[in-house]
Amino acid sequence: MTFSGEGQGPALVPGRDCGTCSLCCILPDIAEFDKPANEPCRHCLVGGGCDAYDVRPATCRDFFCLWRTDPTLGDEWEPSVSRMMMYAQGPQLTVLVEPEAGEIWREERYLSWLEERAQALKPQGGYVVVYAGEEVAVVKG
């Protein structure tokens with residue numbers, strides 16, 4: 001991950017913003033809000049945004065999905081298109097899929113990239129894990 005400066009967080013790809021996407025407020029569990037996975041946070045606004053934006057916890061404040069920070073990802077990875085949200089934690093890449101999108105991550109345009117990423121992460125002890133509804137899968141690289 002590329003950082004824009006000390007304490008500044010990741011560098012964002014110019015022209016990529018959240019727009020109406022709020023998958024980061026829906027798909028992950030958020031302990032500070034006692035929010036389970038795949039349910040909207042109580043602060044999530046319809047059409048995007050947060051009614052607690054100014055006082056949101058560091059978990060939310062410091063988070064940017066991979067599509068916003070990785071310039072190598074193509075337009076097909078935009079969360080509103082892919083119906084997935086990805087983020088890196090050290091050598092692990094986590095992929096959260098909208099439950100209604102089911103197996104979209106297995107489509108060739110996505111799976112081949114995920115397999116390549118898994119292969120690249122393997123030497124560092126990393127891997128790619130996909131959460132799609134109740135399914136959890138580790139992508140082989």
Side-chain angles (χ1 to χ4, degrees), residues 1-122 124-141:
M1 185 176 296
T2 305
F3 288 91
S4 58
E6 264 187 83
Q8 299 291 317
L12 299 177
V13 177
R16 291 188 182 177
D17 58 35
C18 298
T20 60
C21 180
S22 52
L23 290 182
C24 64
C25 301
I26 299 169
L27 299 180
D29 60 60
I30 302 173
E32 290 89 342
F33 294 132
D34 198 27
K35 187 202 94 52
N38 301 319
E39 291 185 19
C41 172
R42 68 181 177 267
H43 297 289
C44 184
L45 299 173
V46 175
C50 173
D51 71 6
Y53 188 81
D54 291 334
V55 294
R56 68 197 187 283
T59 299
C60 301
R61 188 178 312 278
D62 298 338
F63 181 82
F64 293 98
C65 74
L66 198 63
W67 182 76
R68 298 229 22 229
T69 62
D70 186 341
T72 68
L73 291 176
D75 292 340
E76 72 276 12
W77 286 103
E78 181 177 353
S80 65
V81 174
S82 67
R83 303 183 67 192
M84 293 180 260
M85 182 192 76
M86 298 187 295
Y87 60 94
Q89 291 178 301
Q92 174 184 322
L93 177 67
T94 300
V95 182
L96 303 178
V97 183
E98 285 184 35
E100 303 79 24
E103 305 241 332
I104 194 168
W105 68 275
R106 294 183 188 272
E107 291 179 7
E108 175 57 30
R109 64 182 171 159
Y110 299 121
L111 185 57
S112 61
W113 185 90
L114 292 171
E115 289 171 338
E116 288 174 19
R117 185 60 66 104
Q119 185 66 35
L121 293 172
K122 191 183 270 186
Q124 307 155 70
Y127 56 94
V128 174
V129 63
V130 177
Y131 295 88
E134 297 299 315
E135 179 186 8
V136 179
V138 175
V139 176
K140 300 295 182 199

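Just so you know, residue 1 is the first one in the sequence shown, and it goes up from there. As a basis for the values below, the full set of heavy atoms in this structure was taken, side chains included, without hydrogen atoms, waters or symmetry mates.
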(request) Could you tell me the separation between the CG atom of Leu23 and the CE atom of Met86, rounded to the nearest 0.5 Å? (result) 12.0 Å

(message) Can you give me the closest heavy-atom contact between Tyr110 and Ile104, atom names plus distance?
(response) CD1-O, 3.4 Å

(message) Between Arg61 and Arg56 (side chain of the first, backbone of the second, donor and acceptor by atom type, cut-off under 3.5 Å), is there such a pair?
(response) yes

(message) Nearest 0.5 Å, please: how far is SG in Cys24 from CZ in Phe63?
(response) 6.0 Å

(message) The test is side chain to side chain contact (heavy atoms under 4.5 Å, CB included); show your working for Val55 and His43 and say whether it passes.
(response) CA-CA 11 Å; Val55 294; His43 297 289; over 6 Å; no

(request) Please report the closest heavy-atom contact between Arg16 and Pro71, naming both atoms and the distance. (result) NH2-O, 4.2 Å

(message) For Val139 and Trp105: C-alpha separation, side-chain torsions, deciding distance, then whether side chain to side chain contact (heavy atoms under 4.5 Å, CB included) applies.
(response) CA-CA 10 Å; Val139 176; Trp105 68 275; 3.9 Å; yes

(request) To the nearest 0.5 angstrom, please state how far the CE atom of Met84 sits from the CD atom of Glu76. (result) 9.0 Å

(message) So, taking the atom named SG in Cys25 and the one named CG in Leu45, what distance separates them when rounded to the nearest 0.5 Å?
(response) 8.5 Å

(message) Quick check on Tyr127: does its OH atom have over 12 non-hydrogen neighbours (other residues, nucleotides or ligands) under 6.0 Å away?
(response) no

(request) Could you tell me whether the side chain of Pro28 reaches within less than 4.5 Å of the side chain of Leu96, counting heavy atoms only? (result) yes

(message) Tell me if the CG atom of Asp75 is crowded by more than 12 foreign heavy atoms within 6.0 Å.
(response) no

(request) First locate atom CG of Leu73, then atom CD of Glu78, and finally report the distance between them rounded to the nearest 0.5 Å. (result) 11.5 Å

(message) I need the Cys21 SG to Arg83 CZ distance, nearest 0.5 Å.
(response) 11.5 Å

(request) Please check if the side chain of Gln124 supplies one atom and the backbone of Ala120 the other of a donor-acceptor pair under 3.5 Å. (result) yes

(request) Please report the C-alpha distance between Tyr87 and Phe64 in whole Å, then the side-chain angles of each, then the deciding distance to 0.1 Å, and finally whether the side chain to side chain contact (heavy atoms under 4.5 Å, CB included) criterion is met. (result) CA-CA 8 Å; Tyr87 60 94; Phe64 293 98; over 6 Å; no

(message) Ignoring hydrogens, what is the shortest heavy-atom contact between Gly141 and Lys122? Give both atom names and the distance.
(response) O-NZ, 3.5 Å

(message) Any heavy-atom pair between the side chains of Glu98 and Pro79 that's under 4.5 Å?
(response) no

(request) Side-chain contact test, heavy atoms from C-beta onward, threshold under 4.5 Å: evaluate it for Val97 versus Arg106 and give yes or no. (result) no

(request) Indicate yes or no: at least one non-hydrogen side-chain atom of Leu93 is less than 4.5 angstrom from one of Val129. (result) no

(message) Test your reading of the model: is there a side-chain donor-acceptor pair from Arg42 to the backbone of Lys35, 3.5 Å cut-off?
(response) no

(request) For residues Val95 and Leu114, report the shortest heavy-atom separation together with the two atoms involved. (result) CG2-CD2, 3.8 Å

(request) Begin with the C-alpha distance, continue with both residues' side-chain angles, and end with the deciding distance and a verdict on side chain to side chain contact (heavy atoms under 4.5 Å, CB included) for Phe33 and Cys60. (result) CA-CA 10 Å; Phe33 294 132; Cys60 301; 4.0 Å; yes

